[in-house]
S.K.: 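This is the structure I have questions about; it appears just below.
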Amino acid sequence: MLRTEEMLLNVGPQHPSTHGVLRLIVKIDGEMIVDAEPVIGYLHRGTEKLAEDLNYTQIIPYTDRMDYLSAMTNNYAIVHATEQLMGLEIPERAEYLRVIVMELNRIASHLVWMGTYLLDVGAMSPFLYAFRDREEILNLFNELCGARITYNYMRVGGVKWDAPPGWIEKVGTFVEYMKKQMRDYHALITGNEIFISRTKGVGVYSKELAIQYGLSGANLRVTGIDWDLRKKQPYSIYSRFEFDVPTGKTGDLYDKYLCRMNEVVESLKIIEQAVNQFPEGGSIMGKVPRVLRVPEGEIYVGIESPRGELGCHIVSKGKDKPWRLKFRRPSFYNLQILPVLLKGENISNLVAILGGIDIVLGEVDC
Amino acid sequence: MSLLAILAPVLLLVIVLAFVTYAILFERKVIGWMQNRIGPNRVGPWGMLQTVADVFKLLIKEDVIPEKADRALFKLAPAIAFVPAFAVLAVIPFTETWKFTDFAVGLLYYMAVSSITIIGIMVGGWASNNKYALLGGMRSAAQMISYEIPLVMSVVGIIMTTGSLNLNDIVHSQKHVWFIFPQIIGFLVFLIAAVSELNRTPFDLPEAESELVAGYHVEYTGFRFAFFMLAEYVYVFAMASLTTVLYLGGWNAPFGLTIIPPIIWFILKFLLVVFFLFWLRATMPRIRVDQLMQFAWKVLLPLAIFNIFLTAVLKEVPGIGHFY
Amino acid sequence: MVLGLVKGLGITLKNMTKPRVTYRYPDEPLKMPDRFRGIQYLDPEKCIVCNQCARICPTDCIQLTGKKNPDPEKKGKVLDTFDINFEICILCDLCTEVCPTEAIVMTNNYELAVYSRDELFKDIRWLHENNQNIRSENSTNLIKKPGGKTT
């Protein structure tokens with residue numbers, strides 16, 4: 001009788017498809033995964049602890065560096081929580097600018113996911129195409145706030161910059177351009193038989209499991225649960241826009257892909273409406289005291305980041321700095337389900353499943 | 001004559017090396033263009049010296065042998081992988097006169113010798129004493145052995161038509177109709193199996209970067225690594241030549257355009273095949289390992305056998321029988 | 001069954017004829033929009049040594065000291081030293097935002113790579129000489145325009 005042995009395989013932190021510095025200790029039997037254990041913390045910077053020593057404005061640039069693919073939503077999480085706690089009123093124009101940049105950022109983030117995911121399953125070109133289109137968004141952001149990744153755009157009470165002349169029109173042009181590009185993506189990827197065969201029926205989990213593990217975002221919606229905080233707990237001015245929440249049917253990786261691609265389409269819809277409704281004039285900064293002193297109390301707000309529910313929990317003791325700040329980072333929670341999904345899978349599904357979760361290590365480790 | 005017998009292989013080696021140099025550049029350029037990029041353009045005009053610089057870099061790099069590696073095998077593996085790649089070129093007829101041998105079982109020789117490379121790859125993967133390399137080497141062996149069978153089976157149709165394993169005879173019998181038309185099923189099976197034999201996208205599992213980091217050559221550095229890469233690209237050369245010879249009529253001119261010399265025709269058809277390989281690489285995701293095996297045994301092999309059957313049947317049909 | 005693959009091949013071939021989207025950087029420097037946040041320019045004349053920039057800096061990378069105005073007829077302080085440690089500056093733009101006199105402003109200069117860490121220590125002279133491509137809109141905190149609104 002031939003005796004076979006299990007083998008420990010160390011994947012990461014330097015591995016091309018762990019999307020940063022995630023380390024996985026995988027126990028394999030041949031090419032079959034018996035057990036997998038994610039090891040995190042290689043990018044831990046202690047943002048939450050640091051924030052206790054920073055005033056509310058100073059925290060904003062730190063949040064840029066958590067989920068560095070969608071810094072705008074991170075910015076929004078902290079300013080939104082602070083504003084809620086202070087009971088501030090936000091000018092109309094600022095709200096529209098916020099929604100436009102957040103949705104643009106969602107598209108940019110999903111494009112990166114799509115590109116890197118296709119890279120994970122071995123296709124090279126979609127990655128470059130995705131980055132080509134993301135570049136358009138980054139250029140828009142660069143014009144708006146002077147940075148391409150770390151925007152530091154939102155402020156408690158409003159936004160830092162008003163749209164420069166012609167910017168809104170450029171956003172409108174981009175929406176049209178992106179709609180055209182979506183057709184190319186579908187032709188290149190969605191119908192590709194190899195891609196379908198690699199993703200259909202892989203990495204399936206049930207609704208119950210998804211809820212048990214606290215998944216959110218596309219990872220939750222793919223199981224068929226219609227849960228989008230923009231709809232369920234409308235914040236900002238999302239209730240003014242018409243958009244659908246794409247959900248999946250089977251919960252496999254292909255559905256996840258479709259789900260995210262459809263979210264891009266929905267975001268385009270929102271941006272289009274926001275551009276059309278964009279108020280003529282008005283301030284971009286509400287009435288905010290010079291020194292931000294947040295009244296004593298605590299608050300939790302959850303917003304829909306591209307990766308799921310991004311929560312921000314502030315405990316204030318009435319100072320200009322939070323007494324305790326906690327971010328509920330969707331990537332961190334979504335990653336928890338990985339060992340369950342990997343058990344019994346082939347090793348070539350490892351990267352496909354890991355990629356499907358869409359983690360950003362800056363956010364996992366925070 | 002004897003001088004020529006020595007010089008010609010050397011000349012071929014130079015040509016092959018030049019081809020590899022520029023095939024890599026061309027590949028990077030083509031993929032770059034397909035991705036709205038420029039491709040390499042920093043070294044030399046139009047990036048012409050990029051590969052030269054890359055190879056030079058590999059040459060001057062430190063030669064690292066992992067401490068726990070099997071030293072003898074580790075050193076031997078690149079040679080085992082490369083030598084057959086070059087040896088198979090002996091039977092390829094480039095034109096009527098430019099050929100090395102008139103070997104009666106040329107096709108068989110090609111198939112037989114080319115499979116020796118698998119040993120080199122497996123030995124390399126094993127000797128590296130690295131888990132990724134081992135997985136890559138094993139995958140590679142499984143894949144190449146599986147695809148060898150449909151590859152051979154798909155050309156049986158041609159052999160039945162020409163009644164010869166000699167590649168020269170095969171080209172000669174394509175004077176009027178290239179085998180791509182009567183043997184279209186065989187051609188498709190051959191092409192897919194050939195891409196897989198070459199370990200190229202969408203069948204690049206042995207060196208799947210996103211999964212196995214680099215597969216069997218993960219521990220190789222410097223010139224040894226260059227040898228593996230060289231073997232791979234020499235196989236591109238050989239396989240593209242073989243495809244041209246078997247299915248695209250070799251040096252035969254289409255539409256009676258004999259005014260253009262046969263070698264040009266050969267090169268054109270050859271480049272078409274090479275371009276197709278690069279084009280595939282720019283487009284396709286990677287197939288999964290279990291699907292790869294199923295595809296070989298459940299789809300390609302039955303198709304190839306069906307092709308043999310079809311050829312045999314059509315041979316007897318009056319009117320079109322003479323095509324087969 | 002293979003229609004999707006053929007379609008995909010069509011897309012890549014189509015893109016081959018499209019114009020290249022890459023930039024020619026570093027052969028041609030990238031033109032950044034006006035609001036781009038590059039390394040700061042400092043005008044020591046304008047500085048009133050209010051220390052706001054040092055206080056708002058999230059990474060504490062600004063160090064400044066003032067001295068009494070040498071001109072006895074004028075009140076207030078003038079800037080003595082001003083250092084930004086570019087090893088830790090994150091170019092968040094907050095220092096220029098709070099500056100009440102636009103003494104410290106952003107420029108569009110983004111070539112920050114140097115060969116030694118020491119060179120990342122930018123002092124008052126360096127920051128003053130960095131006077132190219134200065135950003136036109138800066139502080140939201142100007143003394144003359146209360147309410148903190150940008151124009």
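Note that the coordinates shown come from a computational prediction; the quantities given were computed from them, not determined experimentally.
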S.K.: Quick check on B:Gln35 against chain A: is it the side chain, the backbone, both or neither that has a heavy atom closer than 4.5 Å?
M.R.: both
S.K.: Start with the C-alpha distance between B:Arg37 and A:Leu128, add both sets of side-chain angles, then the distance that settles side chain to side chain contact (heavy atoms under 4.5 Å, CB included), and finish with yes or no.
M.R.: CA-CA 9 Å; B:Arg37 295 185 288 120; A:Leu128 275 296; 3.6 Å; yes
S.K.: How long is the span from the OG1 atom in B:Thr283 to the CG atom in A:Asn192, to the nearest 0.5 Å?
M.R.: 8.5 Å
S.K.: Heavy-atom distances under 4.5 Å only: say whether A:Tyr129 touches chain B with side chain, backbone, both or neither.
M.R.: side chain
S.K.: CZ/B:Arg286 to CG/A:Leu118 distance, rounded to the nearest 0.5 angstrom?
M.R.: 11.5 Å
S.K.: Is B:Arg281 in contact with chain A via its backbone, its side chain, both, or neither, using a 4.5 Å heavy-atom distance?
M.R.: both
S.K.: Which heavy atom in B:Tyr132 sits nearest to a heavy atom in A:Asn10, and how many Å separate them?
M.R.: OH-O, 2.8 Å
S.K.: Hey, is the main chain of A:Met7 close enough, under 3.5 Å, to the side chain of B:Lys131 for a donor-acceptor pair?
M.R.: no
S.K.: To the nearest 0.5 Å, tell me how far B:Met34 CE sits from A:Met124 CE.
M.R.: 10.5 Å
S.K.: Pick one of side chain, backbone, both or neither for A:Leu188, based on which atoms fall under 4.5 Å of a heavy atom in chain B.
M.R.: side chain
S.K.: Quick check on B:Trp33: does its CH2 atom have over 12 non-hydrogen neighbours (other residues, nucleotides or ligands) under 6.0 Å away?
M.R.: yes
S.K.: If we ignore angles and hydrogens, is there a donor and acceptor under 3.5 Å between the side chains of B:Arg288 and A:Asn346?
M.R.: no
S.K.: With rounding to the nearest 0.5 Å, note down the distance linking CZ in B:Phe295 to CD1 in A:Ile194.
M.R.: 8.0 Å
S.K.: Do other residues, nucleotides or ligands put more than 12 heavy atoms under 6.0 Å from the NZ atom of B:Lys298?
M.R.: no
S.K.: Heavy-atom distances under 4.5 Å only: say whether A:Ile189 touches chain B with side chain, backbone, both or neither.
M.R.: neither
